[in-house]
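All residue numbers refer to positions in the sequence shown, counting from 1.
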Amino acid sequence: MDVGALRPRPARVGVTVRELGPGDRLQVRDALLACGAFTEEEVRVALEVLDAGLSGGLDGDYPLFAAEVQGRVRGYVCVGKTPLTQGTWHLYWICVHPTAQGRGVGRALQAHAEAFVRARGGERLVLETSASTGYARARSFYDDAGYAVVGRIPDFYRPGDDCILYCKALGPAAS
């Protein structure tokens, strides 16, 4: 594995992506609450997964990365190897604080997560998101990033709120 792909590096102007640490939890919580896309229950679950990711580190079930802008965490991403698969990973959470949206922070996190997954032998990333209007911006982000809609589960989250399944095939890791 190329450890250079895992070192903190400037991803976009003023954005550095690095491993998320325990001291970042409050800033991640702030981003989850401030973005307005997540319900109270979703924030609770995101923080539970975050805590599990922090305890496992990059070799655990939920590797976590933070995006820093001017010394503050303005976003994070959580990925994980999909159990019982060969080469499939899930993008579980990606969130950017509203003050940093539209400035390349999400793209930097996405690119870093994809490089990490590739370096670990991942062949594809799968994600699930809501079909509700509150998630329209997220779906546009995934569409623009090259993720393809591969399925839809009606009424998955609640009546009238379908689950949209996305997948992106990842090219080989750079050598």
Which pair of non-hydrogen atoms, one from Cys167 and one from Val126, has the smallest distance, and what is that distance?
SG-CG2, 4.1 Å
Can a donor-acceptor pair be found between the side chains of Arg139 and Thr129 at a distance below 3.5 Å?
no
When rounded to the nearest 0.5 Å, the distance separating CZ of Arg74 from SG of Cys95 is 10.0 Å
Could you check if a side-chain atom of Tyr147 sits within less than 4.5 angstrom of a side-chain atom of Leu91, using non-hydrogen atoms only?
yes
For a quick test of reading the model, state the closest non-hydrogen atom pair linking Val15 to Ala108 and the distance between them.
CG1-CB, 3.9 Å
Measuring only between side-chain heavy atoms, which start at C-beta, is Tyr166 closer than 4.5 Å to Ile164?
yes
Give a yes or no on whether Leu32 and Val79 share a hydrophobic cluster (residues Ile, Leu, Val, Met, Phe, Trp, Tyr; joining criterion: side-chain heavy atoms under 4.5 Å apart).
no
Measure the shortest side-chain to side-chain distance between Tyr142 and Leu127 over non-hydrogen atoms and say whether it is less than 4.5 angstrom.
yes
Given the rule that I, L, V, M, F, W and Y join up when any side-chain heavy atoms are under 4.5 Å apart, are Leu109 and Leu54 in one cluster?
no
Taking every heavy atom of Asp155 against every heavy atom of Gly160, the minimum-distance pair comes out as OD1-N, 2.6 Å
Hey, is CD on Glu41 packed in by over 12 heavy atoms from elsewhere, all under 6.0 Å?
no
Examine Phe65 together with Tyr76 and report whether their ring centres are nearer than 6.0 Å.
no
Sub-4.5 Å side-chain heavy-atom contact between His112 and Val77:
no
How long is the gap from CZ on Arg107 to CD on Glu114, to the nearest 0.5 Å?
9.0 Å
Walk me through whether Leu58 and Glu19 qualify under side chain to side chain contact (heavy atoms under 4.5 Å, CB included).
CA-CA 8 Å; Leu58 295 181; Glu19 183 177 359; 3.6 Å; yes
In the structure I gave you, are the side-chain heavy atoms of Val117 and Leu170 within less than 4.5 Å of one another anywhere?
yes
Run the salt bridge (charged side-chain N to carboxylate O under 4.0 Å, His left out) check on Glu68 and Arg18 step by step: do they pass?
CA-CA 8 Å; Glu68 276 189 12; Arg18 60 166 174 77; 2.6 Å; yes
Which heavy atom in Cys35 sits nearest to a heavy atom in Pro98, and how many Å separate them?
CA-CG, 3.6 Å
Linking I/L/V/M/F/W/Y whenever any side-chain heavy atoms sit under 4.5 Å apart, do Val49 and Phe116 land together?
no
Please step through side chain to side chain contact (heavy atoms under 4.5 Å, CB included) for the pair Tyr157 and Glu128, ending with a clear verdict.
CA-CA 11 Å; Tyr157 296 104; Glu128 304 167 7; 4.0 Å; yes
In sequence, state the C-alpha distance, the side-chain angles, and the governing distance for Arg44 and Glu40, and then conclude on salt bridge (charged side-chain N to carboxylate O under 4.0 Å, His left out).
CA-CA 6 Å; Arg44 181 187 56 76; Glu40 188 176 310; over 6 Å; no
Say whether, by atom type as modelled, one donor and one acceptor occur between the side chain of Thr82 and the main chain of Thr85 under 3.5 angstrom.
no
Tell me, with the steps shown, if Leu125 and His90 meet side chain to side chain contact (heavy atoms under 4.5 Å, CB included).
CA-CA 5 Å; Leu125 265 170; His90 262 76; 5.8 Å; no
Does one side chain, of Gln101 or Arg137, offer a donor that lies under 3.5 Å from an acceptor on the other?
yes
Can you get from Leu64 to Leu47 by hopping between Ile, Leu, Val, Met, Phe, Trp and Tyr side chains that sit under 4.5 Å apart?
yes
Step-by-step salt bridge (charged side-chain N to carboxylate O under 4.0 Å, His left out) determination, Asp24 to Arg72
CA-CA 9 Å; Asp24 301 322; Arg72 293 190 46 84; over 6 Å; no
As an exercise, state the distance from NZ of Lys168 to CH2 of Trp89, rounded to the nearest 0.5 Å.
16.0 Å
Tell me every residue that passes salt bridge (charged side-chain N to carboxylate O under 4.0 Å, His left out) with Asp51, counting only those two or more places apart in sequence or in another chain.
Arg25
Mind checking whether Val105 and Leu33 sit in one hydrophobic cluster, side chains of I, L, V, M, F, W, Y counted as touching below 4.5 Å?
no
What is the distance from atom CG of Asp144 to atom CD of Gln110, rounded to the nearest 0.5 Å?
9.5 Å
If you compare all heavy atoms of Asp161 against all heavy atoms of Ala131, which two are closest, and at what distance to 0.1 Å?
OD1-N, 3.4 Å
Among Tyr92, Phe38, Trp93, which one satisfies side chain to side chain contact (heavy atoms under 4.5 Å, CB included) with Val45?
Trp93
With a 4.5 Å heavy-atom cut-off, do Cys163 and Leu165 have their side chains touching?
yes
On a heavy-atom basis, which atom in Gly80 and which in Pro63 lie closest, and how many Å separate them?
CA-CD, 4.2 Å
